[in-house]
Peer 1: 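Before I ask anything, here is the structure I am working with.
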Amino acid sequence: MPSMTSRKVEQSRRLQERAERYFPGGVNSPVRAFRAVGGEPPFIVRGKGSHIWDADENEYIDYVGSWGPLILGHAAPDVLDAIVSAACNGTSFGASTPAEADLAELVISAFPHVEKVRFVSSGTEATMSAIRLARAYTKRKYIVKFEGCYHGHADALLVKAGSGVATLGIPGSAGVPEEFIQFTIALPFNDAHAVEHAFHKFKHEIACVIVEPVVGNMGCVPAADDYLVALRMITEREKAVLIFDEVMTGFRVAFGGAQELYNIKPDLTTMGKIIGGGLPVGAYGGPKEIMDLVAPLGPMYQAGTLSGNPLAMAAGCAQLKHLREKKAEIYPRIDQVAGQLVEGVAAAAKDAGLPLTHNRVGSMFTWFFTPDPVTNWDSASRSNTDMFGKFFRAMLDRGVYLPPSQYEAAFLGATHSEEDVRHTIDAAREAMSTLKD
Ligand SMILES: *Cc1c(COP(=O)(O)O)cnc(C)c1O
């Protein structure tokens, strides 16, 4: 078990100094930096199941799971075996391989509204391409996204985005000319009237609505009852494409993603994270009628040197096969265990007299340091991020690795044990008692 004493940091500190010489902020993705929470980031050297170890040999229970992909835990045996045997046959060919259709069959079996799919190498590429495809299909320019939702770092989508953009408290990104975002309409999440209003104002000009059907990137914020139904109704009536960005929720909130959980049929679906088993993958898919506009069959161009990479396909196949075989066991269990964890920590906060709101859908969750319900970016952004930072550091010292931002969802996977959960709740009780001073 992770020790409850303060962790050693010498090696990680040395590695951080080295990293800062080479990388802006010492990182290759801003969400990994500890700027929002303070403290010294551990450098991870290995993982097994639900635990990770840093360069100073500190052990942590991991609730980041590589930001979502690792639903089967670190170094899952069947995923590792698949990667090793694929690698022995060569790492990349830039020609078609059988593994691509193997993964496509698994994805399509879980997502019946996806008839055809295109694999790419990241979630960013998936959403960027899906937007381009929606514009090609509708021959319209405007897109609707929601404040606090993150769909990768494509120019037109970096408007009031969640994730690291929200964590850093910036409205968008420098280097994006306003002309590039003039067709992006950012609306408050969970407000169907705002969507009606936009379609009224931009009649026949909106190509698509893109949404995280369970938001993970402003922390976990579920859609209100009937909100997704409303989005479906409005987009159908207005002949706009509804894109469910299931990069995070796909194979996470249910085997068939949020569209299975809420029984809603989007037009296009984007995926990533879990479908790559921890290797770089993204995908976008939908009905043949739309997908056949993609090159080389149609005029919408999109390509990738490493798209459908054999190692990524093998890792994804192994992970999805495992999930498919055991889904009747895994999904109810992670829902139940995550429920115990989230409620247990909420109870600890209550006993400590700390204001805490918790949101959870299945194994995705966030503890917001605010007394009020969190239903959109406005309410999420009223959280006490200083308090979150203190909680985060106190948990890290007690062997619990949470996402280093108030505005990121945490994840529980199939390898988290009841012992992990007990330890985490005990750690939270201790951590909360230090927060009051
Ligand atoms: C992670 C994420 C992305 C971006 O995926 P990358 O692989 O990081 O480019 C897009 N959309 C959602 C909902 C995500 O959670």
Side-chain angles (χ1 to χ4, degrees), residues 27-33 64-71 111 118-132 134 143 145-167 173 184 186 189 208-223 228 231 242-253 257-259 261 266 268-285 302 304 306-309 312 315-316 319 359 361-366 377 380 403-405 407-411:
V27 291
N28 284 298
S29 187
V31 297
R32 297 173 196 168
V64 177
S66 188
W67 300 91
L70 301 183
I71 193 167
F111 285 75
R118 168 63 60 87
F119 288 120
V120 290
S121 296
S122 66
T124 293
E125 277 183 89
T127 54
M128 182 180 83
S129 309
I131 297 274
R132 187 181 302 146
I143 63 175
K145 78 172 290 287
F146 301 102
E147 295 167 5
C149 286
Y150 179 70
H151 305 289
H153 63 86
D155 284 343
L157 291 166
L158 278 181
V159 180
K160 298 195 173 156
S163 190
V165 180
T167 302
S173 170
T184 303
F189 183 69
C208 64
V209 171
I210 184 166
V211 65
E212 288 183 70
V214 176
V215 188
N217 286 295
M218 53 176 140
C220 178
V221 178
L228 296 172
L231 292 185
L242 179 62
I243 306 173
F244 270 14
D245 181 358
E246 299 232 37
V247 171
M248 188 182 285
T249 53
F251 299 92
R252 166 62 64 185
V253 296
Q259 52 199 271
L261 188 64
L268 292 177
T269 301
T270 54
M271 294 179 224
K273 298 193 170 123
I274 288 179
I275 68 163
L279 269 68
V281 177
Y284 60 103
Q302 181 273 309
L306 292 176
S307 293
N309 173 264
Q319 179 147 276
N359 282 347
V361 177
S363 57
M364 263 173 85
F365 54 90
T366 301
W377 173 241
S405 165
Y407 304 119
E408 300 282 2
F411 303 99

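Remember, it's 1-based here, ligands and their atoms both numbered in the order they're listed. Only this structure's heavy atoms are used, side chains among them; waters, hydrogens and symmetry mates stay out.
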Peer 1: Check whether any heavy atom of Lys273 sits under 4.0 Å from an atom of ligand 1.
Peer 2: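 The answer is yes, since Lys273 has a heavy atom less than 4.0 Å from ligand 1.
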Peer 1: Heavy atoms only, cut-off 4.0 Å: how does Glu212 contact ligand 1, side chain, backbone, both, or neither?
Peer 2: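 Contact part for Glu212 vs ligand 1: side chain (C-beta onward).
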Peer 1: Please find the pair of heavy atoms, one from Asp245 and one from Pro213, that lie closest to each other, and give the distance.
Peer 2: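 Minimum heavy-atom contact is O-CD, 3.4 Å.
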Peer 1: Quick one: nearest non-hydrogen protein atom to atom 8 (O) of ligand 1, plus distance?
Peer 2: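 Protein heavy atom with the smallest distance to atom 8 (O) of ligand 1: Thr124 OG1, 4.6 Å.
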Peer 1: To the nearest 0.5 Å, how far apart are CD in Glu125 and CZ in Phe119?
Peer 2: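 Here the rounded value is 13.0 Å.
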Peer 1: Distance from Leu157 atom CG to Thr127 atom OG1, nearest 0.5 Å?
Peer 2: 5.5 Å
Peer 1: Where is the nearest protein heavy atom to atom 3 (C) of ligand 1: which residue, which atom, and how far?
Peer 2: Val247 CG1, 3.7 Å
Peer 1: Is Leu231 close to Phe146 at the side-chain level, that is, under 4.5 Å between some pair of heavy atoms?
Peer 2: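 The answer is yes; the side chains approach within 4.5 Å.
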Peer 1: If you count the atoms of ligand 1 from 1 in the order shown, which ones are under 4.0 Å from a heavy atom of Gly123?
Peer 2: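 Reading through ligand 1 atom by atom, the close ones are 4 (C), 5 (O), 6 (P), 7 (O), 9 (O).
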Peer 1: May I ask you to list the atoms of ligand 1 that are less than 4.0 angstrom from any heavy atom of Met248?
Peer 2: 15 (O)
Peer 1: Is there a side chain to side chain contact (heavy atoms under 4.5 Å, CB included) between Thr270 and Glu246 once you walk through the steps?
Peer 2: CA-CA 5 Å; Thr270 54; Glu246 299 232 37; 5.7 Å; no
Peer 1: Quick one: closest heavy-atom pair of Glu147 and Ala186, and the distance?
Peer 2: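 Scanning both residues completely, I find the closest heavy atoms to be OE2-O, 3.9 Å.
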Peer 1: Under 4.0 Å from any heavy atom of Asn217, which atoms of ligand 1 are there?
Peer 2: 12 (C), 13 (C), 14 (C), 15 (O)
Peer 1: Taking the six-membered ring for Trp, are Trp377 and Tyr407 closer than 6.0 Å centroid to centroid?
Peer 2: yes
Peer 1: Examine the proximity of ligand 1 to Thr249 and report which part, side chain or backbone, both or neither, has a heavy atom under 4.0 Å away.
Peer 2: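 Contact part for Thr249 vs ligand 1: neither.
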Peer 1: Which of the numbered atoms in ligand 1 are below 4.0 angstrom from a heavy atom of Ser122?
Peer 2: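 This gives 7 (O), 9 (O) as the contact atoms.
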Peer 1: Could you tell me the residue and atom name of the protein heavy atom closest to atom 13 (C) of ligand 1, and the distance to it rounded to 0.1 Å?
Peer 2: Asp245 OD2, 3.2 Å
